[in-house]
Protein chains: 2
Amino acid sequence: MITIYDIAEKAGVSAMTVSRVINNTGRISEDTRKRVRKVMEELNYIPNSAARSLVSQKTNILSLLIADITNPFYTTLARGAEDAAKKAGYRLLFANSDENYAKEKDYVDMMLSTRVDGVLFAPTGDLSVDNLNRLLQHQIPLVILDREVPGIEADIVLGDSKEGAKTLVEHLVSLGHRRIAMINGSPDVSTARLRYTGYREALVLSGLPMDDELVVHLGFRVFHEDAALDALLTLKDPPTAIFAANNLLAVGIIQSLRERGLQVPEDISVACFDDIGPAEMINPFLTVAAQPAYQFGLLGMQLLIERIEAEAAQPPRKIMLPSDLIIRSSTRELQRKETNDGAEG
Amino acid sequence: MITIYDIAEKAGVSAMTVSRVINNTGRISEDTRKRVRKVMEELNYIPNSAARSLVSQKTNILSLLIADITNPFYTTLARGAEDAAKKAGYRLLFANSDENYAKEKDYVDMMLSTRVDGVLFAPTGDLSVDNLNRLLQHQIPLVILDREVPGIEADIVLGDSKEGAKTLVEHLVSLGHRRIAMINGSPDVSTARLRYTGYREALVLSGLPMDDELVVHLGFRVFHEDAALDALLTLKDPPTAIFAANNLLAVGIIQSLRERGLQVPEDISVACFDDIGPAEMINPFLTVAAQPAYQFGLLGMQLLIERIEAEAAQPPRKIMLPSDLIIRSSTRELQRKETNDGAEG
DNA sequence: CTGTTAGCGCATTCAG
DNA sequence: CTGAATGCGCTAACAG
């Protein structure tokens, strides 16, 4: 491996001079600077960042932990974070927890031993509190994304889950739906709780009754809980619309409905949070509350860098991003059924 | 920052003993081992990997460079790579070149200065040769993914682009299409060239003429070249089917067709390489040659790790993965047109 | 079983 | 404008 000493020797200067040329510090005569530069090129010198960070106590690496790399919401967010990091001259260490607490913990250990300068963290859920505290304990600058974690005080960028859910459910109500089911993520995730609250509020404001039978709590990953869906569909008074707490859930639900011979939206409407990626552009289908994923990453990274480079301590900041109701064809006006033996009175 | 010296002092041993406990090397009495472990926990010790790699000359970091983080092909590939890396105890540094040669170069510099133990590299195209040579020059173990780069000898995992394209075009021919256009990626990408070759072979084998007017070369990113599409559609004898060289191109093309009032597949059939992600599961639509993206990442990472850990030098290995023809509804049998003033005679 | 010495590659400090 | 000495945190090699 080529070191600054190799350069120094060949250029007839001291290692320190080479270091100064590399970092553009101190005053170096134009002549020696040129000479050193030339030797560096000849020898194909690459600075060793381990050695560098050992003395500088900085790595110039930031880490982004996302919860699901197969979810377009997070990959788009990742692009935003990457762009902001690159612009500020930081390297980005990606990590993917796969909505899995143990994996998340492993990655936190890695960030700690890598001594990253800061972390952009999309938590798995409330359980992430230990992992986050670990980071905080070691004074790693931290910005949280997407999901709030009770007990953690840090900068955060999140979507307005409650409002988004409310808008989506109100849309379903406006289409005439009265029996609206919600298939939610795990209750230990803040967005799941808030989306549930929004759902309830919309029902209350619309004068509709809450029926616990219509609410199912699962995870945020692709839906495989066919039993839950069966339970909903075999209710005495089954739902005519389903609100899914995120995009991947909606995809799984629609598939399962199809397998049961139910068409969306003819037989049942489906709406969800978050867009589903490029494919949506082919056959615009899913009615969604779309979140500005790229902005999540971009703004989060900006907050993080500001915090790292800030002189004085600042109180935690919170950015709340609105979501956009995009009405497509997975929801439609409820058709009055002619069967239903006149119970309607 | 807590160091092994802090631990050593508090536990009443030497730093070396602490190091031995951490790495499970040498023989340590069960008693002192326990004592050291306890102090480590109390002090919340985290090893400094910069210091560690400075002496060991290993970072335990592998890097994965993908060409487009918004393309489901690459994100699925990333999961495969991540799983294999984690299993072998390596950390993974993701990077995303965005199909951009300059960004790719920046990331290569970063990998070099980070002294990563190996690189999984999905090249931008033939231009990547300089970046790859840079890595090779510094003796970084390397596995290439998806796209071959002339002049580079290294392990590689790729799809069978020629066969995949051939199968796709033969499918179109079997549906009665005779005027089949190809919208291709840039000709300086090996997969684009091979898919073109497959396209030609299928036409020749089917006894159809090659018509250069039907072939357009663009980039692999989302399609914005409406002029190219217009040129195709205004030909005297326009295509009845389009073969797109990848998924994102197909999405853009279908959108553009829609804007022009053309329906897929009613007015024109479209088929492409690579699946389009979870959304496809909702409304199975695109007929594709699907590649086993997860396997690309998994096998590539396995090759890389084998090469890193191998004692002796091995000749470059090449894994070619077949693609799967999945017929969905974006292609359909050609309907005989009743117009066309009898020129067919 | 445990400790001492030395050095990985670099930048900070202090002298010139 | 340039150089020498020193230490960042850790482990390999050698002593004991």
Side-chain angles (χ1 to χ4, degrees), chain A residues 1-37 39-40 43-61 91 109-117 138-139, chain B residues 1-37 39-40 43-61 91 109-117 138-139:
Chain A
M1 175 186 295
I2 306 294
T3 73
I4 52 171
Y5 288 95
D6 301 319
I7 312 287
E9 190 175 351
K10 195 159 177 197
V13 296
S14 77
M16 202 46 231
T17 301
V18 177
S19 173
R20 289 196 180 100
V21 171
I22 293 169
N23 297 294
N24 270 313
T25 53
R27 339 201 129 277
I28 305 282
S29 77
E30 199 46 44
D31 186 48
T32 58
R33 183 190 304 279
K34 260 189 197 151
R35 199 149 29 96
V36 169
R37 284 255 163 76
V39 176
M40 278 174 30
L43 263 42
N44 242 305
Y45 170 74
I46 306 276
N48 182 325
S49 55
R52 202 185 274 220
S53 45
L54 196 56
V55 15
S56 72
Q57 304 285 19
K58 294 209 171 315
T59 55
N60 216 34
I61 296 179
R91 299 178 283 170
D109 283 344
M110 181 190 101
M111 293 167 195
L112 253 14
S113 72
T114 306
R115 302 289 193 270
V116 296
D117 293 345
H138 289 272
Q139 333 242 31
Chain B
M1 176 186 297
I2 307 293
T3 74
I4 53 172
Y5 288 93
D6 300 320
I7 312 285
E9 190 174 351
K10 193 158 179 198
V13 295
S14 77
M16 202 49 228
T17 300
V18 178
S19 173
R20 289 195 179 100
V21 171
I22 292 169
N23 297 294
N24 270 312
T25 54
R27 341 201 126 276
I28 305 282
S29 79
E30 199 46 45
D31 187 48
T32 57
R33 183 189 306 278
K34 261 188 197 150
R35 197 148 30 95
V36 170
R37 283 253 164 77
V39 177
M40 276 171 34
L43 264 41
N44 244 305
Y45 170 75
I46 306 276
N48 182 325
S49 56
R52 202 184 272 215
S53 44
L54 195 57
V55 17
S56 72
Q57 304 284 19
K58 293 208 170 316
T59 55
N60 217 32
I61 295 179
R91 298 179 282 171
D109 283 344
M110 180 190 102
M111 295 168 195
L112 253 14
S113 72
T114 306
R115 301 290 193 269
V116 296
D117 292 345
H138 289 273
Q139 333 243 28

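Per chain, numbering begins at 1; letters A, B, ... match sequence-line order.
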Phosphate contact (D:dC10 OP1 or OP2) by B:Ser19 side-chain N/O below 4.0 Å = no

Got a second to check how far B:Met110's CE is from B:Leu112's CG, nearest 0.5 Å?
-> 10.5 Å

Could you check B:Arg35 against B:Ala51 and say which one's nearest nucleotide on DNA chain C is further toward the 5' end?
-> B:Arg35

Side-chain (B:Asp117) to main-chain (B:Lys58) donor-acceptor, under 3.5 angstrom | no

Rounded interatomic separation in angstrom, taking CD from B:Gln57 and P from D:dC10 | 17 Å

Pairs under 3.5 angstrom, nitrogen or oxygen only, protein versus nucleotides 12-14 of chain D, please.
none

Has B:Gln57 got more than 12 heavy atoms of other residues, nucleotides or ligands less than 6.0 Å from its CD?
-> yes

Indicate yes or no: at least one non-hydrogen side-chain atom of A:Tyr45 is less than 4.5 angstrom from one of A:Val39.
-> no

Flag the pair A:Ile2 / A:Asn44 as yes when at least one side-chain heavy-atom distance between them is below 4.5 Å, and no otherwise.
-> no

For B:Arg115, what residues pass the side chain to side chain contact (heavy atoms under 4.5 Å, CB included) criterion, not counting sequence neighbours?
-> A:Met1, A:Ile46, A:Asn48, B:Thr59

Round to a whole Å and report the spacing from CG of A:Leu54 to P of D:dT11.
-> 12 Å

What is the 5' to 3' range of DNA chain C, first to last nucleotide, that sits under 4.0 Å from any heavy atom of chain A?
-> C:dG9 to C:dT13

So, B:Arg35 side chain and B:Ala11 main chain: donor-acceptor pair closer than 3.5 Å or not?
-> yes

Rounded to 10°, the angle between the first-five-pair and last-five-pair axes of the helix from C:dC1-D:dG16 to C:dG16-D:dC1 is 40°

Contacting residues from residues 2-14 of chain A, given that a heavy atom lies under 4.0 angstrom of DNA chain C | A:Thr3, A:Ile4, A:Tyr5

A:Ala8 versus A:Ala15, closest heavy-atom pair with distance | CB-N, 3.5 Å

Residues two or more places apart in sequence or in another chain: which of them pass side-chain hydrogen bond (donor to acceptor under 3.5 Å, both in side chains) with B:Ser29?
-> B:Thr32

Given atom CG of B:Asn48 and atom C1' of D:dT11, what is their separation to the nearest angstrom?
-> 13 Å

Can you sort out the partners of B:Asp6 under salt bridge (charged side-chain N to carboxylate O under 4.0 Å, His left out), two or more places apart, ordered by chain and number?
-> none

Side chain to side chain contact (heavy atoms under 4.5 Å, CB included) against A:Thr17, all qualifying residues, sequence neighbours excluded = A:Val13, A:Ser14, A:Ile28

Could you tell me which residues satisfy side chain to side chain contact (heavy atoms under 4.5 Å, CB included) with B:Arg37, sequence neighbours excluded, listed by chain and number?
-> B:Val21, B:Asn24, B:Arg33

So does A:Gln139 have more than 12 non-hydrogen atoms from other groups sitting under 6.0 Å from CD?
-> no

Can you measure from CD1 (A:Ile4) to CE (A:Met40) and round to the nearest 0.5 angstrom?
-> 11.0 Å

Here the distance between atom P of D:dT2 and atom CG of A:Asn24, to the nearest Å, is 14 Å

A:Arg52 side, atom CZ; A:Ser19 side, atom OG - distance, nearest 0.5 Å = 8.0 Å

Residues which pass side-chain hydrogen bond (donor to acceptor under 3.5 Å, both in side chains) with A:Ser53, listed by chain and number, not counting sequence neighbours = none

Residues of residues 27-34 of chain A with a heavy atom under 4.0 Å from any atom of DNA chain D, listed by number, are A:Arg27, A:Ile28, A:Ser29, A:Thr32

